[in-house]
Every structure is written in structure tokens, then in C-alpha cells.
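What follows is a short report on a single structure.
Heads up: numbering here begins at 1 and tracks the sequence.
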Amino acid sequence: MTQSEARGHYYQLHKLLVGDVAAAAISATFVTPAIVIIDRAVVEKVASHQPFLRTLWSHTKFAVTRPRRFVFSRPFGILWTLYASTFTAANTSETVVKYWKPAAAGAVTFVATVLVNTPLGIWKDLQFARIYGGSRANETLNSKVPVVQHSAKKAITSRVPVGGLSRAPVAVFLLRDSLTLYGAFGA
């Protein structure tokens with residue numbers, strides 16, 4: 001391979017990687033709103049025993065009627081960071097590995113994605129525990145995001161009851177995770 005051919009290959013790889021990062025950011029932007037709404041509704045369901053569909057509707061309505069406040073909220077930013085990073089890891093690792101060793105692309109992409117997604121997922125959970133779990137955080141959050149009933153504020157600040165979720169929230173979580181994996185690996 002001549003020096004000019006090597007530069008051409010590097011330039012082509014560079015363009016592909018920029019496209020991978022852009023695609024990851026766009027995908028995260030489309031996926032994040034639904035995940036924010038679902039996560040908040042499930043947290044309220046578990047913590048306050050509010051009807052799941054009512055809380056889901058309440059937060060969907062908030063996102064539609066106050067999009068700027070919703071998109072620039074801390075939960076949105078946290079989840080967008082998680083998914084944009086995960087999608088970037090999947091896209092770029094696949095591109096780089098396919099460029100040099102196509103046979104290993106699936107395994108390397110999976111490992112890279114897990115290495116990025118797992119610590120960021122734990123970070124997300126810790127941040128959400130602070131946002132949704134602390135009384136001071138709930139006062140701030142509840143002043144911005146409607147809660148279905150005012151008794152939910154007290155229930156969220158107390159200890160979360162042990163007892164499991166009903167089928168609807170679990171099914172929605174599974175759907176959410178399936179969409180996320182599809183966005184990272186299937187698209």
C-alpha cells in the first residue's frame with residue numbers, strides 16, 4: 001500500500017467515525033424522551049403505588065406541553081448521555097473492527113458496548129436515586145414535573161416498599177431495553 005493509499009484509507013475511516021458519532025447522537029435524541037417518561041412513571045408506581053398508566057400519561061403530557069423544560073431537565077441529560085455513549089461505542093467499535101478484522105466485529109462491538117454501558121448505567125441509577133429519592137431533590141423536581149397526587153411526594157421520600165412490580169411496568173421496561181438494544185445493534 002502506498003503512502004497516498006494509506007492516507008485515503010485513514011480519511012475514509014475518519015469520515016465513517018464522524019458519521020457513527022452523529023448517528024449515535026441522533027438515535028439517543030429520539031430514544032431518550034420515551035425512556036425518561038417510562039423511568040419516571042415506574043419510579044412513581046413503585047414508590048407511591050400510583051396507577052401506572054395515569055403517571056405515564058401525566059409525564060407524557062408534561063413532555064408535550066413543556067418540551068423545553070423536559071428536554072433540558074437533568075433526567076433527560078443523564079439518559080441522553082448514557083444512550084449516546086452506548087450507541088457511539090457500538091457504532092465506532094464496529095466500524096473500526098470491520099475496517100481491520102471483520103470476523104471479530106460482533107464480539108468486539110458487544111464487549112465495547114458493555115464496557116461503556118454498564119458503568120454509565122450504574123451512574124444513571126445513582127443519579128436517579130438522588131433525583132427521585134431525596135426529599136430536597138423531590139421538592140425541586142416536583143415543582144417542575146407534575147405528580148399525579150401530592151401524597152406521591154411523601155411516598156417517594158420514604159423507603160421504597162419491597163414487593164415487585166406489576167406486569168405493565170415490567171413489560172414497558174423490557175420494551176424500552178429491547179428498543180435500546182435494537183438501536184445499538186440492529187440498526
Side-chain angles (χ1 to χ4, degrees), residues 1-43 56-57 59-132 141 144-145 169 171-187:
M1 180 182 303
T2 67
Q3 191 174 11
S4 64
E5 287 175 336
R7 267 186 270 159
H9 285 293
Y10 174 76
Y11 179 72
Q12 180 67 19
L13 180 62
H14 182 264
K15 285 184 355 184
L16 292 171
L17 292 174
V18 168
D20 288 343
V21 172
I26 292 166
S27 295
T29 302
F30 283 115
V31 168
T32 300
I35 297 169
V36 170
I37 292 166
I38 291 166
D39 279 358
R40 180 65 196 256
V42 170
V43 168
L56 194 64
W57 173 247
H59 296 298
T60 302
K61 191 167 74 172
F62 176 79
V64 170
T65 59
R66 294 193 170 93
R68 175 178 278 165
R69 193 178 271 178
F70 176 74
V71 168
F72 291 106
S73 69
R74 191 159 182 228
F76 190 98
I78 290 167
L79 281 169
W80 187 90
T81 300
L82 169 69
Y83 291 110
S85 300
T86 300
F87 296 160
T88 298
N91 294 350
T92 57
S93 64
E94 183 177 359
T95 297
V96 168
V97 174
K98 279 187 174 179
Y99 194 76
W100 280 297
K101 188 151 179 126
V108 172
T109 299
F110 175 73
V111 169
T113 303
V114 168
L115 289 174
V116 169
N117 185 269
T118 301
L120 285 176
I122 293 168
W123 170 75
K124 178 217 38 134
D125 291 340
L126 291 172
Q127 295 301 311
F128 276 22
R130 286 187 189 137
I131 292 169
Y132 298 137
L141 186 65
K144 294 179 182 176
V145 180
V172 173
F173 260 134
L174 289 173
L175 176 64
R176 179 202 72 174
D177 288 342
S178 297
L179 290 172
T180 302
L181 291 173
Y182 177 76
F185 298 110

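- Proximity of a side-chain donor or acceptor of S73 to a complementary backbone N or O of F70 within less than 3.5 Å is detected.
- Once rounded to the nearest 0.5 Å, the distance linking OG1 of T81 with CD of Q127 reads 10.0 Å.
- Note that the CG atom of N117 and the OH atom of Y83 stand 7.0 Å from one another [nearest 0.5 Å].
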Audit row: F128, L79, side chain to side chain contact (heavy atoms under 4.5 Å, CB included) steps and yes/no: CA-CA 10 Å; F128 276 22; L79 281 169; 3.7 Å; yes
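- Using a 4.5 Å cut-off on side-chain heavy atoms (C-beta onward), T88 and V116 make no contact.
- Interatomic distance, CD1 of I35 versus CZ of F76, reported as 9.5 Å (0.5 Å rounding).
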For a side chain to side chain contact (heavy atoms under 4.5 Å, CB included) check, start with the C-alpha distance between L17 and V96, then their side-chain angles and the critical distance, and finish with the verdict. CA-CA 8 Å; L17 292 174; V96 168; 3.8 Å; yes
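- Surrounding CH2 of W123 are more than 12 heavy atoms belonging to other residues, nucleotides or ligands, all under 6.0 Å away.
- Distance CD1/I78 to CD1/I131: 4.0 Å, rounded to 0.5 Å.
- Distance alone, capped at 3.5 Å, is enough to place a donor-acceptor pair between the S93 side chain and the A90 backbone.
- Side chains of I37 and L56 form a contact here, defined as non-hydrogen atoms less than 4.5 Å apart.
- Using a 4.5 Å cut-off on side-chain heavy atoms (C-beta onward), V108 and K101 make no contact.
- Atom-to-atom distance recorded for L13:CG and K15:NZ is 11.5 Å, nearest 0.5 angstrom.
- Within the 4.5 Å cutoff, no side-chain heavy atoms of D39 are placed close to those of P75.
- We find the CG-OG1 distance between N91 and T86 to be 10.5 Å, quoted to the nearest 0.5 Å.
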